[in-house]
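Small disclaimer: the values here were computed from a predicted structure and weren't measured.
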Amino acid sequence: MRDYVIRGIDKKGTIKFFIASTTNLVEEARRIHNTSPTATAALGRVLTAACMIGMTLKNDRDTLTLKIKGDGPVGSIVSVANSNGEVKGYVDNPQVDLPKRPDGKLDVGGIVGKNGQIAVIKDLGLKEPFIGYSNLVSGEIAEDLASYYYHSEQQPTAISLGVLVDTDTSVRAAGGFMIQLLPGVSEEDIDRIESILKSIKPMSTLIDEGLTPEEILKEIFGEFQVEVLDKTFVQYKCNCSMEKVESILVSLGNDELKAIIEEDGKAEVVCHFCNTKYNFSKEDLIKLLR
Ligand code: ZN
């Protein structure tokens, strides 16, 4: 099954939902970055969230960046998504791992850390990007993001993000959902959703059992009248290029470029998102200087 996200709203117009199936793109991220199982789960959760939030972007060039920086050993986790369903990401220290928690789950909160910040950056092509911050709650990503929505966007949101890593360390299943309560939602509907979410199986289990986002929608909203407004295929894709890397080198300024030419005589730039290496000889750098 290809990865995709559906998004929609209930007929009363008071509950928005996003449901994502992201197994392939999280496995692609693991392959590119050679992440440990716990780092795979951490990065996979952030990529899955970025896919869903990326659905709210309107224009082709808009981008959504999720950045999580806790005090744990994995360092920063960054993911960037656009409105075309392309997502990419990285972690500072992909090899970091911890023993599983007593409940058998990967200790994502342990490698991310409880103390730190989550930043949501929406670049909508305006002069300044929109940037919202909030403090981390647990480092487990979904809770941190829900807290961000509550405190920074005053938006009550239920979020579940799941990555199941197989015994051979590949990604067996990944996905997530986001449910947002809009003004005017009834107390009764809130209670119903709360009790459904308490009884539903973990997201990674549902995906592993072969359920599609539409089928998961039925599991959650079976009693509600809902409408799917959009379905977008999502994939791991980096859009770096020689031209973009050249413009980054040029933006360092003449003095910095001259120093690189004199001290190193060459430059190698590695893309954080896809690990592609761009090599510049002395002649290449002199050309850029002009
Ligand atoms: Zn790249």
_Heavy-atom closest contact (Ser79 atom, Leu47 atom, distance)_ = OG-CD2, 3.4 Å

*Going by the ring-ring contact (aromatic ring centres under 6.0 Å, His included) test, which pairs reach into residues 77-121, not counting sequence neighbours?*
Tyr90-His272, Tyr90-Phe273

*Can you list the other members of the hydrophobic cluster that holds Phe280, where links are side-chain heavy atoms under 4.5 angstrom apart?*
Met242, Val245, Leu249, Val250, Leu252, Leu257, Ile260, Ile261, Val269, Tyr278, Leu285, Ile286, Leu288, Leu289

_Working for salt bridge (charged side-chain N to carboxylate O under 4.0 Å, His left out), residues Lys218 and Glu215_ = CA-CA 5 Å; Lys218 265 192 210 131; Glu215 288 165 338; over 6 Å; no

*How far apart are the closest heavy atoms of Ala20 and Val5, and which atoms are they?*
CB-CG2, 3.8 Å

*For residues Arg30 and Thr169, determine if any side-chain heavy atom of one lies less than 4.5 Å from a side-chain heavy atom of the other.*
yes

_I need the Lys231 NZ to Ile19 CD1 distance, nearest 0.5 Å._
12.5 Å

*In sequence, state the C-alpha distance, the side-chain angles, and the governing distance for Val74 and Asp92, and then conclude on side-chain contact (heavy atoms from CB on, under 4.5 Å).*
CA-CA 6 Å; Val74 84; Asp92 280 346; over 6 Å; no

*With distance as the sole test, does His33 use its side chain to make a donor-acceptor pair with the main-chain N or O of Gly89 at under 3.5 Å?*
yes

*Is Ile220 close to Ile179 at the side-chain level, that is, under 4.5 Å between some pair of heavy atoms?*
yes

*Run the numbers on Lys201 and Glu209 for salt bridge (charged side-chain N to carboxylate O under 4.0 Å, His left out), then give the verdict.*
CA-CA 11 Å; Lys201 289 181 195 169; Glu209 287 174 356; 3.0 Å; yes

_Any Asp123 side-chain heavy atom under 4.5 Å of Phe130 side chain_ = no

*What pairs with Phe17 under ring-ring contact (aromatic ring centres under 6.0 Å, His included), at least two apart in sequence or on another chain?*
Phe221

*For Tyr133, enumerate each residue passing the ring-ring contact (aromatic ring centres under 6.0 Å, His included) test, keeping only those at least two apart in sequence or located in another chain.*
none

*Determine whether Leu197 and Ile193 make a side-chain contact, defined as any pair of heavy atoms from C-beta on separated by less than 4.5 Å.*
yes

_Met178 reachable from Leu43 in the ILVMFWY side-chain graph, under 4.5 Å edges_ = yes

_Please enumerate all residues that pass salt bridge (charged side-chain N to carboxylate O under 4.0 Å, His left out) together with Glu223, with sequence neighbours excluded._
Arg192

_Heavy-atom pair with the smallest gap, counting every atom of Gly75 and Asn93_ = N-ND2, 4.1 Å

*asked:* If the condition is salt bridge (charged side-chain N to carboxylate O under 4.0 Å, His left out), which residues does Asp264 pass it with, not counting sequence neighbours?
replied: none

*Please examine the side chains of Gln117 and Lys69, heavy atoms only from C-beta on, and report whether any two atoms are closer than 4.5 Å.*
no

*CG-OG distance between Leu164 and Ser204, expressed to the nearest 0.5 angstrom*: 5.0 Å

*Can you list the residues that meet the side-chain hydrogen bond (donor to acceptor under 3.5 Å, both in side chains) rule with Asn275, with sequence neighbours excluded?*
none

*Taking atom types as modelled, find out whether Asp168 and Ser170 have a side-chain donor-acceptor pair closer than 3.5 angstrom.*
yes

*asked:* I need the Met1 CE to Asn24 CG distance, nearest 0.5 Å.
replied: 8.0 Å

*Report whether Val185 and Phe177 are members of the same hydrophobic cluster (ILVMFWY, side-chain heavy atoms less than 4.5 Å apart, transitive linking).*
yes

_Sequence-distant partners of Asp97, side chain to side chain contact (heavy atoms under 4.5 Å, CB included), two or more places apart_ = Ser36, Pro37, Thr38

*Kindly indicate, with the supporting measurements, whether the criterion side-chain contact (heavy atoms from CB on, under 4.5 Å) is fulfilled by Phe224 and Ile15.*
CA-CA 10 Å; Phe224 290 78; Ile15 305 166; 3.8 Å; yes

*When you check the side-chain N and O atoms of Asn84 and Lys237, is any donor under 3.5 Å from an acceptor?*
no

*List the atom of Met55, the atom of Asp230, and the distance in Å for their closest heavy-atom pair.*
CE-CB, 3.9 Å

*Heavy-atom count around Asp191 CG within 6.0 Å, excluding the residue itself: above 12?*
yes

*Side-chain heavy-atom pair Val120, Lys122 within 4.5 angstrom cut-off*: yes

*asked:* To the nearest 0.5 Å, what is the distance between CD1 on Ile121 and CG on Leu64?
replied: 9.0 Å

*asked:* According to salt bridge (charged side-chain N to carboxylate O under 4.0 Å, His left out), who are the partners of Lys114, at least two apart in sequence or on a separate chain?
replied: none

*For Lys11, does the NZ atom have more than 12 heavy-atom neighbours from other residues, nucleotides or ligands under 6.0 Å away?*
yes

*About how many Å separate NZ of Lys58 and OG1 of Thr56, when rounded to the nearest 0.5 Å?*
7.0 Å

*asked:* For a quick test of reading the model, state the closest non-hydrogen atom pair linking Lys12 to Ser186 and the distance between them.
replied: NZ-OG, 4.5 Å

*Separation between CG of Asp284 and CD of Glu246, rounded to the nearest 0.5 Å*: 7.5 Å

*Who pairs with Lys100 by side chain to side chain contact (heavy atoms under 4.5 Å, CB included), at least two apart in sequence or on another chain?*
Leu106

*Any idea which heavy atoms bring Leu66 and Ala49 closest together, and the distance?*
CD1-CB, 3.7 Å

_Whether over 12 other heavy atoms sit under 6.0 Å from Lys67 NZ_ = no

*In this structure, are over 12 heavy atoms from other groups packed under 6.0 Å from Glu268 atom CD?*
yes

Could you pull out all donor-acceptor pairs under 3.5 Å where a side-chain atom in residues 140-160 meets a protein atom, sequence neighbours excluded?
unit_1, atom_1, unit_2, atom_2, d
Glu140, OE1, Arg45, NH1, 2.9
Glu140, OE2, Arg101, NH1, 3.2
Glu140, OE2, Gly109, N, 3.0
Glu143, OE1, Ser138, OG, 3.0
Asp144, OD1, Val137, N, 2.6
Asp144, OD1, Ser138, N, 2.9
Asp144, OD1, Gly139, N, 3.2
Asp144, OD2, Gly139, N, 3.0
Asp144, OD2, Glu140, N, 3.1
Asp144, OD2, Ile141, N, 2.8
Ser147, OG, His151, ND1, 3.3
Tyr148, OH, Glu153, OE2, 2.7
His151, ND1, Ser147, O, 3.1
Gln154, NE2, His151, O, 2.9
Gln155, NE2, Leu181, O, 2.9
Thr157, OG1, Gln155, O, 2.8
Thr157, OG1, Gln180, NE2, 3.2

*Is any side-chain heavy atom of Thr65 less than 4.5 Å from a side-chain heavy atom of Val78?*
yes

*Do Leu136 and Ile118 come close enough that some side-chain heavy atom pair is under 4.5 Å?*
yes

*Same apolar cluster (I L V M F W Y, side chains within < 4.5 Å links), Tyr4/Val228*: yes

*Taking ILVMFWY side chains as joined if any heavy atoms are under 4.5 angstrom apart, and letting links pass through other members, which residues group with Ile9?*
Leu182, Leu229

